[in-house]
Participant: 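One structure, as structure tokens, below. Some questions next.
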Amino acid sequence: MRAGLLTGVVDGLFSSLLSVLAYRSTVSRLFQGVASVLLGPEAFNGGIRTVALGVLMHFGVAFGWSAVFLFLVLRLPWVRALLASPYGVVKVAALYGPLIWMVMSLAVIPILGDRPPAITYRWWIQWFGHIPFVGIPIVASSVRGALRAAGE
């Protein structure tokens, strides 16, 4: 729970600031864009309802990837060994954060949103941004509990 909530907040703030400061957009448009994966372009005309749906979807994804991480830690001894090594949280976050972005941007969003991926400079910003703003919150906030649950 902690990992999903923390990741949803941290990544939501990162994405919101990036949208407003770098891309000259709005937070509403950001989350309507998230909702557009399910609703299509009409999400941009849905007002606060589609903003709220986008926020819920964003947190759902954060909780989902946090659960996947917990599953991987419990099932894969090499992940636990890497976590226990020096700077293990950073090492695992540097792998897991970009992995999440690649799966979401290259598979999930294109399939659900019926649109091809666009690998531009914005894609790479998200790739690198997923290390500190997605990978670190998931890994750092769940590592103790996951290792304890695995009996280590």
Side-chain angles (χ1 to χ4, degrees), residues 1-74 76 79 82-83 87-147 149:
M1 291 296 291
R2 179 177 51 232
L5 186 59
L6 181 63
T7 303
V9 170
V10 170
D11 183 46
L13 288 171
F14 165 65
S15 298
S16 295
L17 289 171
L18 192 61
S19 291
V20 171
L21 300 176
Y23 304 149
R24 305 289 185 231
S25 188
T26 66
V27 174
S28 295
R29 186 156 176 85
L30 165 69
F31 287 108
Q32 286 173 328
V34 173
S36 75
V37 172
L38 291 181
L39 302 178
E42 61 272 9
F44 294 103
N45 301 318
I48 192 71
R49 290 183 307 163
T50 54
V51 172
L53 176 61
V55 170
L56 287 172
M57 289 172 60
H58 171 77
F59 274 90
V61 168
F63 277 97
W65 282 107
S66 296
V68 168
F69 178 73
L70 180 60
F71 176 81
L72 293 174
V73 170
L74 293 174
L76 301 174
V79 174
L82 188 56
L83 283 167
Y87 307 105
V89 168
V90 174
K91 291 174 188 175
V92 173
L95 295 170
Y96 195 61
L99 173 72
I100 292 169
W101 176 243
M102 289 189 300
V103 170
M104 294 301 294
S105 68
L106 299 176
V108 175
I109 294 169
I111 291 167
L112 293 178
D114 195 31
R115 56 183 173 218
I119 301 179
T120 66
Y121 76 96
R122 288 184 180 195
W123 189 92
W124 286 104
I125 290 170
Q126 288 292 336
W127 192 93
F128 285 104
H130 269 66
I131 296 170
F133 301 114
V134 176
I136 292 281
I138 289 174
V139 175
S141 64
S142 59
V143 69
R144 281 190 202 110
L147 290 176

Participant: Would you say Leu18 and Phe133 make side-chain contact, with heavy atoms under 4.5 Å?
Facilitator: no
Participant: Classify the angle between the aromatic ring planes of Tyr96 and Trp65 as parallel (below 30°), tilted (30 to 60°) or perpendicular (above 60°).
Facilitator: perpendicular
Participant: With a 6.0 Å cut-off (strictly less than), is the heavy-atom count around CZ of Phe71, excluding the residue itself, greater than 12?
Facilitator: no
Participant: With rounding to the nearest 0.5 Å, note down the distance linking CG in Leu112 to OG in Ser36.
Facilitator: 11.0 Å
Participant: Apply side-chain contact (heavy atoms from CB on, under 4.5 Å) to the pair Leu30 and Ser25, showing each step before the final yes or no.
Facilitator: CA-CA 8 Å; Leu30 165 69; Ser25 188; over 6 Å; no
Participant: Are Ile119 and Trp127 packed together at the side-chain level, in the sense that at least one heavy-atom pair is separated by less than 4.5 angstrom?
Facilitator: no
Participant: Determine the interplanar angle of the His58 and Phe31 rings, folded into 0 to 90°, and report it as parallel if under 30°, tilted if 30 to 60°, perpendicular if over 60°.
Facilitator: perpendicular
Participant: So, do Phe59 and Leu5 sit near enough that their side-chain heavy atoms are less than 4.5 Å apart?
Facilitator: yes
Participant: Can you tell me how far the CG atom of Asn45 sits from the CD atom of Gln32, to the nearest 0.5 Å?
Facilitator: 8.0 Å
Participant: Side chains of Leu83 and Val139, heavy atoms from C-beta outward: is any pair under 4.5 Å?
Facilitator: yes
Participant: If you measure from CE on Met1 to CG on Leu6, what distance do you get to the nearest 0.5 Å?
Facilitator: 12.5 Å
Participant: For the atom pair CG (Leu99) and CD1 (Ile131), what is the distance rounded to the nearest 0.5 Å?
Facilitator: 11.5 Å
Participant: Sort out for me which residue in Val89, Ile138, Val73 forms a side-chain contact (heavy atoms from CB on, under 4.5 Å) with Val143.
Facilitator: Val89
Participant: If you define the side chain from C-beta out and look only at heavy atoms, does anything of Pro137 sit under 4.5 Å from Asp11?
Facilitator: no
Participant: Mind telling me whether Trp101 and His130 have parallel, tilted or perpendicular rings, with 30° and 60° as the class edges?
Facilitator: tilted
Participant: Return the CD1 to CG distance between Ile100 and Leu95, rounded to the nearest 0.5 Å.
Facilitator: 11.0 Å
Participant: Taking the side chain as every heavy atom from C-beta outward, state whether Pro110 and Pro117 have any atom pair closer than 4.5 Å.
Facilitator: yes
Participant: Got Ser142 and Leu70 here, is their nearest side-chain heavy-atom distance under 4.5 Å?
Facilitator: no
Participant: Taking all non-hydrogen atoms of both residues into account, name the closest pair between Val79 and Val92 and its distance.
Facilitator: O-CG2, 4.5 Å
Participant: Is it true that, when you exclude Arg122 itself, more than 12 heavy atoms of the residues, nucleotides or ligands shown sit nearer than 6.0 Å to its CZ?
Facilitator: yes
Participant: Indicate yes or no: at least one non-hydrogen side-chain atom of Ser19 is less than 4.5 angstrom from one of Thr26.
Facilitator: no
Participant: So which atom in Ser66 and which in Ala3 form the shortest heavy-atom distance, rounded to 0.1 Å?
Facilitator: OG-C, 3.4 Å
Participant: Got more than 12 heavy atoms from elsewhere within 6.0 Å of CZ, Arg2?
Facilitator: no
